[in-house]
Amino acid sequence: MNSNIILKVEKGRKYSEFLDNNLKRNIVACKQKGILHDLLDVCDASGDAEFIEITSEEGLKILRHSTAHLLANAVVELYPDAKPNTSNEDNNTFYYDFDMNPISIDDFPAIEKKMEEIAKRNEPIEKMVLDKNSILELFKNNPYKTDKINENVRENESSSVYKEGNYMEFCRGPHVPSTGFIKAFKLLSISSTNYEGDINKQKMVRIYGTSFPDKKSLKEFLLRKEEAMKRDHRRIGHEMDLFIFDNERAPGFPFYTPNGAIIRNELINYMKELNEKNGWEDVWTPHVYKEIIWRESGHYDKYKNDMFLFQLSNGDHYGLKPMNCPGHIAIFQRDVHSYREMPIRYSEAGTVYRYEKSGEMGGLTRPRVFTIDDGHGFLRADQISEEVTSLLKMVPFIFNTIMGDSEISYDLSTMDKSHPENYLISYMCLECNQKFEMRAASDELKCQNCGSTSLKEDFSMWDNATENLKSALNNLGLPYKENPGDAAFYGPKVDVHIRDALDRLWQVSTIQLDFFMPINFDLNYIDADGQKIRPVIIHRAIYGSYERFIAILLEHFNGKLPAWLSPVQAYVIPVSENYSGYAEYVHRELGKNHIRSRLDLSQNTISKKIKLIRSMRPSYIIVVGENEKNNGTISVRNRSDRTKTYTINDFINNVDKEIRSHNIKQIF
RNA sequence: GCCAUCGUAGCUCAGUUGGCAGAGCAGCUGAUUUGUAAUCAGCAGGUCGGGGGAUCGAACCCCUCCGAUGGCUCCA
């Protein structure tokens with residue numbers, strides 16, 4: 001997708017001077033030494049420069065950024081009281097926030113028309129470099145812009161302002177050279193937000209839109225969006241009768257119907273198989289615990305408002321588990337462990353309950369109860385690398401098997417050392433030399449032994465854990481992105497994302513190192529010298545949650561799951577009642593051979609039966625009538641609506657192979 | 001939790017300025033005996049999300065609670 005062009009540029013000349021007319025049409029900016037420039041900027045050094053094509057990833061981002069400005073330009077022309085705040089672009093779309101009276105999508109045509117008009121004028125988008133005071137003067141009527149200017153520009157420094165006709169924008173750029181580059185855009189939706197995401201601050205109108213270099217790719221994008229809507233797992237789940245929500249009696253809690261339970265169980269069984277192969281032992285832990293365990297683990301402190309906590313009539317406090325680790329830890333604690341037993345790995349399809357706020361729920365992707373393919377490994381420090389490597393090998397194996405060759409990306413989430421208060425870390429007291437662990441804001445920090453406030457942070461555990469994750473990723477040759485500040489409060493982690501058929505990224509697996517839960521629960525094992533040593537805990541989930549993963553699969557496959565996961569693998573329908581007997585025989589034969597079969601003995605015509613059955617997305621629809629009965633065959637219709645005749649045995653053998661090999665391809 | 005939109009039969013949805021609650025599909029009964037995306041007819045199905053209010057009169061207007069959707073915030 002990166003079609004950018006490298007050209008030699010000379011210091012003192014404008015970037016645009018190096019482009020011929022042909023190139024000028026498709027080049028929107030220039031990058032030199034990693035810094036993006038407008039085409040009208042003057043080069044400050046001779047050498048190679050990368051000219052950004054409008055169709056490249058960076059080019060599209062610039063186009064969308066400029067389209068957001070075009071939107072703001074149109075909005076202030078139509079609504080002079082509107083005060084633009086900021087824009088952002090991501091994932092094919094952009095948005096712009098305005099302080100203005102609420103509008104609705106009915107107002108979009110007028111705004112789009114105005115944008116169209118400004119685009120047609122082909123206004124140059126000019127950069128002006130001004131000193132801070134002049135910029136503040138320009139935006140004195142817009143408090144959001146003045147905030148931004150004060151945040152980003154130091155006294156006596158200058159910064160850039162872009163001029164587009166009468167419209168001015170405080171912005172770093174770069175931008176497309178003129179509004180004429182903006183040829184295919186559409187406003188998509190509207191929502192409300194608060195200034196700086198703070199609910200106590202000014203309410204804002206957020207307008208979403210998208211922009212493409214040409215009409216054709218815009219149209220394709222809109223079609224894909226529509227397709228994604230049709231593939232919503234809630235809709236498919238309803239059509240295939242997989243799960244329900246009883247909103248009055250259990251909001252946010254999915255119920256699996258018989259069909260849905262089949263998918264869930266197949267996934268659980270498959271994980272069980274892989275866990276066994278990789279040395280993970282199955283355990284089972286309770287769903288309800290006394291509150292004390294959540295205080296020990298530290299979850300209570302941080303998440304008590306998001307937990308289901310309750311009190312019995314005798315005054316005892318209990319809570320539903322929001323995490324499985326304390327349960328696994330309790331099992332680990334049942335006995336003294338030798339260094340020879342390590343690593344000890346417990347896994348469980350562990351169901352957890354979290355009180356998600358009402359507005360945060362959504363189908364199976366964000367329910368209040370979900371089941372994690374959870375695992376906790378208790379390791380010696382010298383076993384970390386090997387264990388992480390073993391898990392990182394499971395990840396592509398599983399997703400490539402289930403979803404076909406999939407694009408998998410890895411993120412390494414590390415701590416942000418400038419905010420130690422967000423993490424549980426070690427401190428050394430400079431007065432009494434006591435080492436202890438805590439998570440606290442700097443003004444609450446004091447030595448647990450002597451009360452001194454002269455403490456030194458010790459990041460060595462974090463650094464060690466992070467290095468282990470990095471080396472495992474590097475050794476397997478997996479490219480990864482580092483996200484400082486995204487670590488869990490107890491340790492760094494690797495998160496895994498997969499891309500689905502509609503080009504969307506989903507977070508699935510997570511592998512987290514934890515040096516602190518062992519401290520909280522005072523865990524240890526006995527080493528060769530008879531000393532007590534702290535183990536390291538590794539938390540892992542490969543699918544993530546079954547609920548979420550089922551949602552991903554349904555949308556990825558449009559409900560047409562691989563046969564091994566299909567609730568209905570064969571749907572048998574007789575041409576008329578006269579062949580019910582043969583249909584029943586076929587159905588029984590399939591069942592005997594562990595193929596999930598259904599039988600339709602209704603009086604509907606065969607066309608109508610197929611019409612109704614299709615929404616169930618069975619792997620195969622089997623039609624039988626006179627011919628089949630006479631020859632002992634079946635007429636099989638696959639998911640691409642092609643039909644083929646098989647003998648019953650042939651079909652069973654082929655489908656059995658398809659199911660057992662977890663094949664994503666059908667037998668024909 | 002915040003903002004916006006919404007809640008009518010098992011499902012998908014009509015219901016005009018407030019004036020007798022509708023359709024299609026599914027279900028049941030009967031006729032039809034069907035060859036690959038809807039055969040015909042009949043029957044049944046509802047406290048219009050719950051509660052309160054203004055009105056002669058409310059699915060429709062007002063208040064409130066519950067829930068859903070799209071965003072925001074959050075996501076161990």
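Here is how names work: the chains are called A, B, and so on, in the same order as the sequence lines, proteins then strands, and each is numbered from 1.
Judged by Watson-Crick or G-U wobble contacts below 3.5 Å, the nucleotide U36(B) has no partner. Using N1 to N3 plus N6-O4 or O6-N4 for Watson-Crick, or N1-O2 and O6-N3 for G-U wobble, each under 3.5 Å, C6(B) pairs with G67(B). Pairing of A41(B), defined by two Watson-Crick or G-U wobble distances under 3.5 Å, is identified with U29(B). Using the Watson-Crick or G-U wobble rule with both distances under 3.5 Å, C13(B) pairs with G22(B). Using the Watson-Crick or G-U wobble rule with both distances under 3.5 Å, C61(B) pairs with G53(B). Within the shown strands, nothing qualifies as a pairing partner of U47(B) under the Watson-Crick or G-U definition with both distances less than 3.5 Å.
Looking at Lys611(A), its side chain comes within 3.5 Å of the base of A38(B) through a donor and an acceptor atom. For Arg206(A) against C72(B), a side-chain-to-base donor-acceptor contact under 3.5 Å is absent. With hydrogens and angles ignored, no donor-acceptor pair under 3.5 angstrom links the side chain of Glu360(A) to the base of G71(B). Contact of Ser635(A) with U36(B) (side chain to base): a donor-acceptor pair of N or O atoms is detected under 3.5 Å. With hydrogens and angles ignored, no donor-acceptor pair closer than 3.5 Å exists between the side chain of Arg548(A) and the base of C75(B).
Between Phe245(A) and Phe243(A), the ring planes are perpendicular. Angles over 60° get that label, and only those under 30° would be called parallel. Between Tyr353(A) and Phe253(A), the ring planes lie tilted relative to each other; the angle falls in the 30° to 60° range. The aromatic rings of His376(A) and His539(A) stand perpendicular to each other, their planes meeting at an angle above 60°, with 30° marking the opposite boundary. A parallel orientation is assigned to the rings of Tyr543(A) and Phe549(A), their planes being inclined by less than 30° (bins at 30° and 60°).
Lys357(A) comes within contact range of at least one nucleobase, with a heavy-atom separation under 4.0 Å. At a threshold of 4.0 angstrom between heavy atoms, the contacts of Arg642(A) with the nucleic acid are absent. Residue-level contact check: Gly363(A) touches the backbone only, with heavy atoms under 4.0 Å from sugar-phosphate atoms and none from bases. Residue Glu239(A) is out of contact with every strand shown, counting any heavy-atom pair closer than 4.0 Å. Note on His539(A): nothing from the nucleic acid sits closer than 4.0 angstrom, heavy atoms only.
You'll find that the side chain of Arg637(A) is closest to U36(B), out of U33(B), A76(B), U36(B). Taking every side-chain heavy atom of Asn247(A) into account, G67(B) is the closest of C75(B), G67(B), C72(B). Considering only side-chain atoms of His238(A), the nucleotide from A76(B), U34(B), C11(B) that sits closest is C11(B). In this structure, the nucleotide among U34(B), G1(B), A76(B) sitting nearest to the side chain of Met307(A) is A76(B). Among G71(B), A76(B), A26(B), the nucleotide with an atom closest to any side-chain atom of Leu612(A) is A26(B). Among C11(B), A76(B), U36(B), the nucleotide with an atom closest to any side-chain atom of Tyr490(A) is A76(B). Listed candidates were A76(B), G35(B), C75(B). Nearest to the side chain of Arg366(A) is C75(B).
Dashed line: the shortest gap from a side-chain N or O of Lys608(A) to OP1 or OP2 of A26(B) is under 4.0 Å. Proximity of Thr605(A) to the phosphate of U39(B): a side-chain N or O atom is located under 4.0 Å from OP1 or OP2. Between Tyr208(A) and the phosphate of C72(B), there is a side-chain N or O to OP1/OP2 separation shorter than 4.0 Å. For Thr643(A), no side-chain nitrogen or oxygen approaches OP1 or OP2 of U36(B) to under 4.0 Å.
Tested against Tyr410(A) for a side chain to side chain contact (heavy atoms under 4.5 Å, CB included), the candidates Leu469(A), Asp495(A), Val395(A) yield a single pass: Val395(A). Exactly one of Glu584(A), Lys629(A), Glu626(A) qualifies for a side chain to side chain donor-acceptor pair (under 3.5 Å) with Tyr579(A). That residue is Glu626(A).
Atom-to-atom, CZ of Arg234(A) to C1' of G67(B) comes out at 14 Å; the value is rounded to the nearest Å. The distance between atom NE2 of His233(A) and atom P of U69(B), rounded to the nearest whole Å, is 9 Å.
The closest side-chain donor-acceptor pair between Thr285(A) and Lys321(A) falls under 3.5 angstrom.
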